[in-house]
Amino acid sequence: MLLECKDFGIEFHDHDRPERAVEGVSFSLDAGEILGIVGESGSGKSLTALAIAGLLPRKKLKKEGEILFDGQDVLRMDRKALRELQGDEICMIFQEPMTALNPTMRIGLQVEEALRIHHREMDAAARRERALSCLADVELPDPEQVYESYPHQLSGGMRQRVMIAAAMVGGPQLLIADEPTTALDVTVQAQIIKLLQKINRKEKVAILFISHDLSLIRQISHRVLVMQNGRLVEQGEVEEIFEHPCKDYTKQLLSAIPRVEL
Amino acid sequence: MKKYRNFNFICGAVLTGFCLLIVLTGLIRTPYDTTAMSVADRLSAPSFAHWMGCDNYGRDILSRVMEGMRNTVWIALLTVAIGTLSGVVIGAVCGYFGGLLDDILMRVNDVLFSFPSILLALVIISLLGTGSLNVTLALGIAFIPSFARIVRSEVKKQSALEYVESARLMGAGHLRVIFVHILPNILPVLLSSVMIGFNNAVLAEAGLSYLGVGVQPPQASLGRMLSEAQSYLFTAPWYAIFPGLMIVLMVLGFALLAEGMTEA
């Protein structure tokens, strides 16, 4: 088991009254598996992802339960140990590929960033070679040219591919994808989904795929978690959930999918 | 619009280039020794021998203007360097980490900011004593608050963007995030404030030297020449006109250059 989340909860303490954002969430993720988390806005799915990535702020926040990555508790790790994991074992891609890349840095340098931090033994030529092969793996045409480009010279879809390449460069075990296709148009969405599936098969990386789009989740995931108001409503194999939902909320969600009937 | 921008930029570049040329020539040699006096030439008008005339001791004004400009540029550069470096460090730390440290440093900053920078510099000089080194230090300290404030607000703005989060997620440490990822993104803003800061420093140095607390004689300074020229304003107007003109050209050239660059 790669990731195990036990009775995880978050309570914010930055206002007068404590506010519970996530409560009693337990699930696990095996190596090489694609787990989808689906839920409406504010259901706590992104917060859960940030917690796994170790990106939650340290103050004004109470964390409950445990999140074990390879047996180590990410929630209570010291910052140094956490940084060892980040970028090397756990990586994340974001919703907005427009703002997730540094506008003043060449693509090549950004893809190499994780190598420069975690693999100091690699020299410039080896880093470049690795970055180029990653850019080729995400099916970008002409990696050499992309390597030398700045983010504003690429389209949204290309930028999201670059983000994936930058995430994969260190050979992580877990890739967290927080609504990675929401900002993209539908044809590009489909390409990115295919790409993520291919990477999952080829590199054996586990993917935590977060979305509010049920059809995408159904397409890509092996298993699904349904979240609402910070709680886990239901979890199970993807076909089981979609064909035989047990809980009312899941049924409502599924019936809300617009169907084109001719 | 584009043409207009180019006009600003070109004028600025020409004026700045002209001033730099004078400074550089002055570095290699000046027409006369800057301290050589000659009684015969006292307050003599501009001529082929003395292009800008002579002062009340019979010293060549062109030579002294060259030396004065060199001192001014030197002091202004060091001032801006002190202000920028300290301002960037303080501003970046405050903007990135926030919290109690930010509150404390920014309140101190507010107190410093509430003094006019010349007044603040005068206070520091009265503590340290006069002289060009102390003027540089005093002005540099007086300039820190404005730089710190600009850098802080920019860093705060950039820290909220996703690329910073994604850099942190790559395992980058705080220093790496601040200096490798964020700083290049605030350079355009920083650059224009550095250029405005340079202008302010030139004017402040001239002002302090005019008041007699800046560059000390026998070293030449544009501000000091202006104050000495006051007594001869009607008998030898060139004594005041040329140093004053050079200050105006220097500041105007740099301001136009900055304007042209920020509009680019």
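No hydrogens, no waters, no symmetry mates; every other heavy atom, side chains included, goes into these values. Below, read A as the first sequence line, B as the second, and so on, with proteins coming before strands; counting in each chain starts at 1.
- Using cut-offs of 30° and 60° on the angle between ring planes, the pair B:H174 and B:F97 is perpendicular.
- Heavy atoms of A:I117 lying under 4.5 Å from chain B belong exclusively to its side chain.
- Counting heavy-atom pairs closer than 4.5 Å to chain B, the top residue among A:A114, A:P172, A:P103 is A:P103.
- Only the side chain of A:M163 comes within contact range of chain B, with heavy atoms under 4.5 Å apart.
- Ring pair B:F143/B:F147 is tilted by interplanar angle, where 30° to 60° counts as tilted.
- Proximity to chain B is limited to the side chain of A:L50, based on heavy atoms less than 4.5 angstrom apart.
- A:Q145 and A:S149 are not linked by any side-chain donor-acceptor pair at a separation below 3.5 angstrom, with hydrogens and angles left out of the test.
- The contact between A:M105 and chain B is made entirely by side chain atoms (from C-beta outward), counting heavy-atom distances below 4.5 Å.
- Each of A:D213, A:I192, A:I220 was evaluated against A:T181; a single residue qualifies, A:I192, per the side-chain contact (heavy atoms from CB on, under 4.5 Å) test.
- With values rounded to the nearest 0.5 angstrom, A:S43 atom OG is found 10.5 Å from A:H212 atom NE2.
- Each of A:G54, A:G87, A:A53, A:A166 has some count of heavy-atom pairs under 4.5 Å with chain B, and the biggest count is that of A:G87.
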